[in-house]
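Here the structure comes first, spelled out in structure tokens, and everything after it is commentary.
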Amino acid sequence: MSHLFDAIVSAHRQLRPQVRVTPLERSVLLSRQLGCELYLKCDHLQPTGSFKFRGASNKLRLLNDEQRRRGVIAASSGNHGQAMALAGRMMGVGVTVYAPETAAAVKLEAIRALGGQVELVPGDALNAEQAGEKAAHEQGKVYISPYNDEQVIAGQGTCGMELVEQQPDLDAVFVAVGGGGYISGIGTVLKRLSPKTQLIACWPENATSMYSALEAGHIFPVDEQDTLSDGTAGGVEPGAVTFPLCQRLIDRKILVSEAEIKAAMRQLAASDRWIIEGAAGVALAAAIRLAPEFQGKKVAVALCGKNIVLEKYLKAIADEDR
């Protein structure tokens, strides 16, 4: 993993100021309520509202002139596509995003508004990834996976560098997991620079593709249910480079319910006035669940994004299920 760590260090130096150093803020109220020192890594404040801008920017930075001229193809249900579209516009690279037909219309419109072209694909996020990769091969363009790409992972790992610089003595970091790119980047840094910090991987009970693969020891199709954490939903690509990374890096795995995700989103809105998407709610819900084990200790929660459809957010924070 030394080459990946070196790539993260390089990205950490080279991506500024395009990629922001996001705040690591201590939540006064949540810390009091939970009995631990709880810090919020505010990656929802990146341009386009998610951590994905880190990886997209790093990947495009490393293209050669011919690859830039041809343009690139990505696959995404929203956040990766928006990040690619904005990074492409800033760097003068044409971006086409293959997205599942079930993706939220507002997220697809945001991709278009940022200058990306959208191609809709029947099925789920994994179908879109496979269709995008095939089209890129046929058109002679670079395909940029949301997670199955070490240069993308290196970009996401800049979050880990910031965490260590901002709070070098964290006892645990909670990260929601979809394809595993974000946690792989963060974990690579923590294992090198802060090995005492527990890396806790978090999933919604309704969408467990990487979790189930890690439990079984191999990637396989998993039937997933609807979840508020749509940013982590979808299958894992066979042969994904993130799978062995997650096997080596993750210290602990936890599943949370849809009710816990909603409650965490409500609690954060009340305590810190942040709007977050379901995936960020997953990480916070896990931290809330495990808080009794971290009394008096320092933990960080990666708020990975804020791109949630307004109606879904309002429903999530309503009191109807209390």
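Counting from 1, the numbers follow the sequence of the chain as shown.
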Residue [X] excluded, over 12 heavy atoms near [atom1] under 6.0 Å:
{"X": "Q247", "atom1": "CD", "result": "yes"}
{"X": "K134", "atom1": "NZ", "result": "no"}
{"X": "D223", "atom1": "CG", "result": "no"}
{"X": "R32", "atom1": "CZ", "result": "no"}

For L15 and R61, what are the C-alpha separation, side-chain angles and deciding distance, and is it a side-chain contact (heavy atoms from CB on, under 4.5 Å)? CA-CA 8 Å; L15 286 175; R61 174 181 71 88; 3.9 Å; yes

Exercise: identify the closest heavy-atom pair between [X] and [Y]:
{"X": "S184", "Y": "C246", "answer": "OG-SG, 3.9 Å"}
{"X": "A286", "Y": "I254", "answer": "CB-CG2, 3.6 Å"}
{"X": "A99", "Y": "A128", "answer": "C-CB, 3.9 Å"}
{"X": "V222", "Y": "S212", "answer": "CG2-CB, 3.8 Å"}
{"X": "L60", "Y": "R68", "answer": "O-NH2, 3.1 Å"}
{"X": "V152", "Y": "S145", "answer": "CG2-O, 3.8 Å"}

Honestly curious: do [X] and [Y] fall in one hydrophobic cluster under the side-chain, below-4.5 Å linking rule?
{"X": "V299", "Y": "L30", "result": "yes"}
{"X": "L40", "Y": "F53", "result": "no"}
{"X": "I153", "Y": "V173", "result": "yes"}
{"X": "V309", "Y": "L114", "result": "no"}
{"X": "I111", "Y": "V72", "result": "yes"}

Give the intermediate values and the outcome of side chain to side chain donor-acceptor pair (under 3.5 Å) for residues E224 and S209. CA-CA 8 Å; E224 296 189 340; S209 287; 2.6 Å; yes

Judged by atom type as modelled, is there a donor-acceptor pair below 3.5 Å linking the side chain of [X] to the main-chain atoms of [Y]?
{"X": "T197", "Y": "L170", "value": "yes"}
{"X": "R266", "Y": "A318", "value": "yes"}
{"X": "E133", "Y": "Q130", "value": "no"}
{"X": "S229", "Y": "G231", "value": "no"}
{"X": "Q46", "Y": "R20", "value": "yes"}
{"X": "N58", "Y": "Q151", "value": "yes"}
{"X": "K191", "Y": "L249", "value": "yes"}
{"X": "Y147", "Y": "E237", "value": "yes"}
{"X": "Q295", "Y": "L34", "value": "yes"}
{"X": "E258", "Y": "L228", "value": "yes"}

Report yes or no: do S31 and S27 form a side-chain donor-acceptor pair below 3.5 Å? no

Walk me through it: do S76 and K52 pass the test side-chain contact (heavy atoms from CB on, under 4.5 Å)? CA-CA 11 Å; S76 172; K52 295 285 190 178; over 6 Å; no

Let me see the working for E150 and K59 under salt bridge (Lys or Arg N to Asp or Glu O under 4.0 Å), right down to the final yes or no. CA-CA 9 Å; E150 287 199 358; K59 182 65 179 183; over 6 Å; no

Could you check if a side-chain atom of [X] sits within less than 4.5 angstrom of a side-chain atom of [Y], using non-hydrogen atoms only?
{"X": "L245", "Y": "L4", "result": "yes"}
{"X": "Q139", "Y": "I73", "result": "yes"}
{"X": "V21", "Y": "Q166", "result": "yes"}
{"X": "L163", "Y": "V189", "result": "no"}
{"X": "I308", "Y": "I276", "result": "no"}
{"X": "M210", "Y": "T242", "result": "yes"}
{"X": "E277", "Y": "H44", "result": "no"}
{"X": "L199", "Y": "V175", "result": "yes"}

Hey, could you give me each pair passing ring-ring contact (aromatic ring centres under 6.0 Å, His included) that has a residue in residues 182-213? Not counting sequence neighbours. F51-Y182, W203-Y211

Any pair with a residue in residues 70-104 that passes ring-ring contact (aromatic ring centres under 6.0 Å, His included), sequence neighbours left out, goes on the list, sorted by first then second residue, please. none

Is [X] salt-bridged to [Y], cutoff N-O under 4.0 Å?
{"X": "E162", "Y": "K41", "value": "yes"}
{"X": "R289", "Y": "E260", "value": "yes"}
{"X": "E311", "Y": "K315", "value": "no"}

Residues in side-chain hydrogen bond (donor to acceptor under 3.5 Å, both in side chains) contact with D169, at least two apart in sequence or another chain: K298

First locate atom [atom1] of [X], then atom [atom2] of [Y], and finally report the distance between them rounded to the nearest 0.5 Å.
{"X": "W274", "Y": "L284", "atom1": "CH2", "atom2": "CG", "result": "13.5 Å"}
{"X": "I317", "Y": "K312", "atom1": "CD1", "atom2": "NZ", "result": "14.0 Å"}
{"X": "L45", "Y": "L303", "atom1": "CG", "atom2": "CG", "result": "8.5 Å"}

Between D251 and K196, does the salt bridge (Lys or Arg N to Asp or Glu O under 4.0 Å) criterion hold? Intermediate values first, please. CA-CA 10 Å; D251 296 308; K196 79 175 187 68; over 6 Å; no

Audit row: I200, F294, side-chain contact (heavy atoms from CB on, under 4.5 Å) steps and yes/no: CA-CA 13 Å; I200 302 179; F294 291 96; 3.9 Å; yes

Under the salt bridge (charged side-chain N to carboxylate O under 4.0 Å, His left out) rule, collect the residues that match up with D43, sequence neighbours excluded. R54

Ring of Y39, cation from R26 - is the NZ or CZ under 6.0 Å from the centre and inside 45° of the axis? no

For K297 and E37, run salt bridge (Lys or Arg N to Asp or Glu O under 4.0 Å): C-alpha distance rounded to whole Å, both residues' side-chain angles, the deciding distance at 0.1 Å, then the answer. CA-CA 6 Å; K297 296 185 178 180; E37 294 296 305; over 6 Å; no

Evaluate side-chain contact (heavy atoms from CB on, under 4.5 Å) for Y313 paired with I275, printing each intermediate quantity in order. CA-CA 8 Å; Y313 179 76; I275 292 176; 3.8 Å; yes

Residues 118-127, side-chain donor-acceptor partners within the protein, below 3.5 Å, at least two apart:
| unit_1 | atom_1 | unit_2 | atom_2 | d |
| --- | --- | --- | --- | --- |
| D124 | OD1 | L126 | N | 3.1 |
| D124 | OD1 | N127 | N | 3.0 |
| N127 | OD1 | D124 | N | 3.0 |

Solution key, residues 213-220 side-chain donor-acceptor pairs under 3.5 Å, sequence neighbours excluded:
| unit_1 | atom_1 | unit_2 | atom_2 | d |
| --- | --- | --- | --- | --- |
| E215 | OE2 | K253 | NZ | 3.1 |

